[in-house]
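Data block below; observations after.
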Amino acid sequence: MITGELSATRPSAHRDDLLRAAVLPEWRAREFLAGRGLLRHLLTAVRPELARYTVVPDVYGKPWLRACPDVGVSVSHSRGSLAAAVAVGARVGVDVQRPQAAVTESFARRLLGERGAEALAGLPAARAAEEVAWVWTAQEACVKADGRGLAGRPWSVGVAPGSRSGGWGPYRWVALRGISATPLSCAYGPPDHALVWTGGEEGRWMAGERTTEG
């Protein structure tokens, strides 16, 4: 896994990344290319030839290396902060979040449940918002590893305030508390052998039955 800042990250110059960025609003294109640039930098460090491959979204929007479905990749952006992860022979999800100044009680309850939200009730607003961000990164990392994103209902992933690691179905997650000043978590799990590439330039990996039980 690797992190960076939008202002200091060299954007991707890969042809396919540039083509995808060309249809995005300027601010989103800048963020997208920086994230892909960070990912390709990490791919080069892991296995240089991987950085040349096209990154494609599957039917759920999860990014994959077209030529290497056994190599999991993930990218996250949050108001100038970036993170990327690569896992050979595994699925992976990464999430970074810059905390809001404050969060509503209803949002905290949705992510943490009644007991978790009560544990934050006595904290200053900014500290409570930071803790909610830590929890959200772990939940998001899990559903990104699974590949379903928000459709995977990240708020259903049980993460207690202050937790540093845990599990969700076949996935394990780790929150990088004490290592990252910005809330940052990574999740990983077994590869999904049910993915099949449909072929062609506009093709996608088609997902069959998932192994996730969480």
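Numbers here simply count residues along the sequence, with the first being 1.
- Arg66 is not listed as a side-chain neighbour of Val55, based on a closest heavy-atom distance of 4.5 Å or more.
- The shortest side-chain heavy-atom distance between Ser76 and Lys144 falls under the 4.5 Å cut-off.
- The backbone N or O of Arg40 sits less than 3.5 Å from a side-chain atom of Thr44, completing a donor-acceptor pair.
- Annotation: side chain of Val135 is not in contact with side chain of Val132 (no heavy-atom distance under 4.5 Å).
- Counting only heavy atoms from C-beta outward, the side chains of Leu6 and Ser81 never approach each other to under 4.5 Å.
- Of the possible donor and acceptor atoms, none in the side chain of Ser163 sits under 3.5 Å from a partner among the backbone N and O of Ser165.
- Taking 4.0 Å as the cut-off between side-chain N and carboxylate O, Arg28 and Glu31 count as a salt-bridged pair.
- For the pair Ala13 and Leu18, the tightest heavy-atom approach, listed with the atom from each and the gap, is O-CD1, 3.5 Å.
- When side chains are defined from C-beta on, Val94 counts as touching Leu184, because their heavy atoms get closer than 4.5 Å.
- Asp95 places none of its side-chain heavy atoms less than 4.5 Å from the side chain of His77.
- Ser106 and Thr104 form a side-chain donor-acceptor contact under 3.5 Å, judged by distance and modelled atom types alone.
- Between Asp146 and Lys62 there is no salt bridge, since none of the side-chain N atoms of the basic residue sits less than 4.0 Å from a carboxylate O of the acidic one.
- Using a 4.0 Å cut-off between charged side-chain N and carboxylate O, Arg127 and Glu131 make a salt bridge.
- Using modelled atom types, no side-chain atom of Ser180 and backbone atom of Leu176 make a donor-acceptor pair closer than 3.5 Å.
- Ring geometry for Phe107 versus Trp136: interplanar angle of 30 to 60°, hence tilted.
- Nearest heavy-atom pair across Val73 and Val86 is CG1-CG2, 4.2 Å.
- Between Arg98 and Glu130 there is no salt bridge, since no side-chain nitrogen of the basic residue lies less than 4.0 Å from a carboxylate oxygen of the acidic one.
- At a threshold of 4.5 Å between non-hydrogen side-chain atoms, the residues Val96 and Leu82 do not count as touching.
- Looking only at side-chain heavy atoms (C-beta outward), Leu65 and Val71 come within less than 4.5 Å of each other.
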